[in-house]
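Below is one structure, written out as structure tokens, with a few remarks after it.
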Amino acid sequence: MSAITTWPAQAESWLDRQGKPAWIIAMVLGLIVFWPLGLALLAYMIWSNRMTVRSLPSRFHRQNATRSTGNAAFDAYKADTLRRLEEEQEQFEAFLQRLRDARDKAEFDQFIDERRKPTQAQTTA
């Protein structure tokens with residue numbers, strides 16, 4: 001590929017590394033220099049979810065969580081801690097599901113009991 005065809009991808013990755021302010025500055029400069037370019041950047045930023053709060057930080061945190069620090073002991077500790085936290089999250093989600101299931105069962109049992117009471121009263125009369 002030539003440099004002409006790869007520069008948009010390079011510019012996009014550079015702007016992603018710089019963060020949301022760089023995208024905003026690029027859009028404003030695009031509006032000043034050539035307004036259709038600025039509008040095109042704005043449309044691209046909205047379409048690609050670059051203006052949402054969660055898109056860049058979550059990707060940033062995932063990349064930092066898996067990146068090696070160069071310290072083997074710390075990397076092992078970090079990996080173990082992340083694994084333990086993921087297990088705790090799964091256990092907590094399972095606990096919440098059991099609570100929801102128990103609540104649903106209790107509500108269903110209450111519904112059945114209320115439904116049976118009038119029929120028992122009618123059969124004794």
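Sequence positions, counted from 1, serve as the residue numbers for this chain.
- Applying the side chain to side chain donor-acceptor pair (under 3.5 Å) test to N71 and every residue at least two apart in sequence or in another chain returns nothing.
- In the hydrophobic clustering (ILVMFWY side chains linked at under 4.5 Å, chained through shared members), L29 is joined by I25.
- Scanning for side chain to side chain donor-acceptor pair (under 3.5 Å) contacts around Y44 gives E12, with sequence neighbours left out.
- Once rounded to the nearest 0.5 Å, the distance linking OG1 of T69 with CZ of F74 reads 6.0 Å.
- Under the 4.5 Å side-chain heavy-atom criterion for ILVMFWY residues, a single connected hydrophobic cluster contains both L15 and W47.
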Sequence neighbours left out, cut at 3.5 Å: what donor-acceptor pairs do the side chains of residues 88-96 make with other protein atoms?
residue, atom, partner, partner atom, Å
E88, OE2, R84, NH1, 3.2
Q89, NE2, E93, OE2, 3.2

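- In terms of the side chain to side chain contact (heavy atoms under 4.5 Å, CB included) criterion, residue partners of L37 (sequence neighbours excluded) are, by chain and number, F34.
- The side chain to side chain donor-acceptor pair (under 3.5 Å) search around E107 returns none, not counting sequence neighbours.
- The CG atom of D104 sits 11.0 Å away from atom CG of D109, with the distance rounded to the nearest 0.5 Å.
- One distance of note links CD of E87 with CG of L82; it measures 11.5 Å at 0.5 Å rounding.
- Taking OG of S68 as the start and NZ of K78 as the end, the distance is 7.0 Å to the nearest 0.5 Å.
- For D113, the salt bridge (Lys or Arg N to Asp or Glu O under 4.0 Å) criterion is met by no residue, not counting sequence neighbours.
- Shown here are the salt bridge (Lys or Arg N to Asp or Glu O under 4.0 Å) partners of D101, two or more places apart in sequence or in another chain: there are none.
- The side chain to side chain contact (heavy atoms under 4.5 Å, CB included) test applied to A11 returns W7, not counting sequence neighbours.
- Hydrophobic clustering (side-chain heavy atoms under 4.5 Å, transitive across Ile, Leu, Val, Met, Phe, Trp, Tyr) keeps L85 apart from Y77.
- Here T81 pairs with nothing under the side chain to side chain donor-acceptor pair (under 3.5 Å) rule; sequence neighbours left out.
- Every residue was checked against the salt bridge (Lys or Arg N to Asp or Glu O under 4.0 Å) condition with E86, not counting sequence neighbours, and none meets it.
- The line from CD1 of I46 to CG of L41 is 11.0 Å long, rounded to the nearest 0.5 Å.
- Between E114 and the options Q110, R116, K117, a side chain to side chain donor-acceptor pair (under 3.5 Å) holds for only Q110.
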